[in-house]
Amino acid sequence: MIEIRVATPADASALVAIYAPYVRETTITFDYEVPNEEDFADRIGETVQAYPYFVAEDNGEILGYAYAHAYKDRAAYDWAVEVSVYVDREKRGNGAGKRLYQALEKALRAQNVAILTACITGGNQDSIEFHEKLGYQKVACFPKIGYKFDQWHDVIWLQKFLTEIEGNLPAFIPFSKL
């Protein structure tokens with residue numbers, strides 16, 4: 001049974017193992033080099049101070065992870081985040097990605113976040129369709145903005161509203177304060 005829990009720096013090794021094939025073999029991420037475990041652990045520790053970072057586990061085995069981070073570092077963007085999800089490429093299709101995003105949305109609502117964004121490499125139709133099934137809509141395309149594997153790639157931005165954004169919204173609450 002898949003369970004969702006908050007990631008910890010101790011999960012870094014398993015998350016690097018999931019992320020590494022995406023870096024080495026795909027344009028899904030524009031990283032050229034796989035981050036080391038220490039860097040990944042630092043990212044997790046820093047992220048959970050302000051935003052949720054979750055892992056999906058099945059019988060103690062980590063299947064994937066998802067997290068949110070600031071869309072931009074200006075106060076006017078406090079209610080908007082960018083979300084990302086990575087599932088072990090050998091274990092996709094089991095619902096872990098959807099469950100991770102559901103957990104993210106629940107936490108982000110509690111933080112008073114109103115707008116989710118997702119940045120997807122052009123041509124990654126599986127990810128675009130995954131996000132659209134969850135209510136995201138395409139809002140932008142930046143042609144040939146990323147360069148990896150000796151070619152230029154488009155970036156597609158999708159957006160989802162978690163709440164109505166009329167008038168004043170309650171203040172953003174850091175994840176560590178929930």
Side-chain angles (χ1 to χ4, degrees), residues 1-20 22-23 28-31 35 37-89 91-92 94-120 124 127-128 130-137 139 157-165 169-178:
M1 180 174 169
I2 296 174
E3 296 182 3
I4 307 298
R5 66 167 174 80
V6 175
T8 70
D11 296 320
S13 176
L15 302 193
V16 167
I18 290 168
Y19 189 59
Y22 287 101
V23 174
I28 289 171
T29 175
F30 284 166
D31 274 338
E37 288 180 28
E38 183 179 330
D39 288 340
F40 230 91
D42 289 346
R43 289 181 192 182
I44 295 166
E46 291 170 13
T47 299
V48 295
Q49 295 306 306
Y51 299 99
Y53 200 131
F54 294 118
V55 297
E57 282 186 324
D58 187 10
N59 293 316
E61 178 185 13
I62 295 178
L63 305 175
Y65 63 96
Y67 60 93
H69 63 86
Y71 171 71
K72 295 278 186 184
D73 289 331
R74 302 279 193 276
Y77 296 112
D78 280 355
W79 297 272
V81 299
E82 182 181 346
V83 294
S84 296
V85 62
Y86 291 91
V87 175
D88 184 317
R89 292 174 71 197
K91 297 180 176 72
R92 292 184 349 195
N94 60 15
K98 182 178 179 180
R99 303 251 337 255
L100 284 161
Y101 263 25
Q102 289 169 336
L104 275 181
E105 287 185 15
K106 182 178 179 183
L108 292 165
R109 275 189 187 95
Q111 292 181 258
N112 299 322
V113 168
I115 303 145
L116 308 179
T117 66
C119 178
I120 300 169
N124 185 353
S127 185
I128 291 169
F130 169 80
H131 284 84
E132 287 175 341
K133 284 180 186 175
L134 296 176
Y136 288 75
Q137 295 180 332
V139 294
W157 279 93
L158 291 95
Q159 183 176 4
K160 179 179 181 176
F161 291 95
L162 284 179
T163 186
E164 293 294 323
I165 55 168
L169 292 174
F172 171 79
I173 302 168
F175 185 67
S176 60
K177 302 292 184 194
L178 292 181

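Given the structure is predicted, the values throughout are model-derived calculations rather than measurements.
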Considering all heavy atoms of both residues, which atom of [X] and which atom of [Y] are nearest to each other, and what is their separation?
X: L108; Y: P52; result: CD2-CD, 3.7 Å
X: G45; Y: V48; result: O-CG2, 3.6 Å
X: G64; Y: L100; result: C-CD1, 3.8 Å
X: W79; Y: P170; result: NE1-O, 2.7 Å
X: L104; Y: A68; result: CD2-N, 4.1 Å
X: A110; Y: L178; result: O-CD2, 3.7 Å

Find out whether [X] and [Y] are in side-chain contact, i.e. whether some heavy atom of one side chain is under 4.5 Å from a heavy atom of the other.
X: N124; Y: I128; result: no
X: V113; Y: Y71; result: no
X: Q49; Y: P174; result: no
X: K98; Y: V85; result: no
X: E132; Y: L158; result: yes
X: H69; Y: V81; result: no
X: V16; Y: I18; result: no
X: R5; Y: V55; result: yes

When rounded to the nearest 0.5 angstrom, what distance separates [atom1] in [X] from [atom2] in [Y]?
X: K106; Y: L162; atom1: NZ; atom2: CG; result: 14.0 Å
X: I4; Y: Q102; atom1: CD1; atom2: CD; result: 8.5 Å
X: N112; Y: I173; atom1: CG; atom2: CD1; result: 4.5 Å
X: E46; Y: Y53; atom1: CD; atom2: OH; result: 11.0 Å
X: D78; Y: I115; atom1: CG; atom2: CD1; result: 11.0 Å
X: K72; Y: T117; atom1: NZ; atom2: OG1; result: 10.0 Å

With ring centroids as reference points, do [X] and [Y] lie under 6.0 angstrom apart?
X: F172; Y: Y51; result: yes
X: F54; Y: Y67; result: no
X: F130; Y: Y101; result: yes
X: F40; Y: Y19; result: yes

I'd like to know whether K91 forms a salt bridge (Lys or Arg N to Asp or Glu O under 4.0 Å) with E61, so could you lay out the CA-CA distance, the side-chain angles of the two residues, the decisive distance to 0.1 Å, and finally the verdict. CA-CA 11 Å; K91 297 180 176 72; E61 178 185 13; 2.9 Å; yes
Problem set entry | Check against side chain to side chain contact (heavy atoms under 4.5 Å, CB included), V83 and Y136 | CA-CA 11 Å; V83 294; Y136 288 75; 3.4 Å; yes
Note to self: What verdict does the side chain to side chain contact (heavy atoms under 4.5 Å, CB included) test give for E105 and L116, after you've listed the backbone C-alpha separation in whole Å, the side-chain angles of each residue and the deciding distance to 0.1 Å?
What the structure shows: CA-CA 9 Å; E105 287 185 15; L116 308 179; 3.8 Å; yes
Given the options L15, D11, V87, Y65 meets side-chain contact (heavy atoms from CB on, under 4.5 Å) only with L15
- Begin with the C-alpha distance, continue with both residues' side-chain angles, and end with the deciding distance and a verdict on side chain to side chain contact (heavy atoms under 4.5 Å, CB included) for F175 and V6. CA-CA 11 Å; F175 185 67; V6 175; 3.9 Å; yes
Exam field: side chain [X] to backbone [Y], donor-acceptor pair closer than 3.5 Å:
X: K160; Y: L134; value: yes
X: R89; Y: Y22; value: no
X: D58; Y: M1; value: yes

ask   = When you look at W157 and E82, which way does the side chain to side chain contact (heavy atoms under 4.5 Å, CB included) test go after all the steps?
value = CA-CA 10 Å; W157 279 93; E82 182 181 346; 3.6 Å; yes
* Asked: In terms of heavy-atom contacts, does CZ of F30 have more than 12 from other residues, nucleotides or ligands at under 6.0 Å?
  -> yes
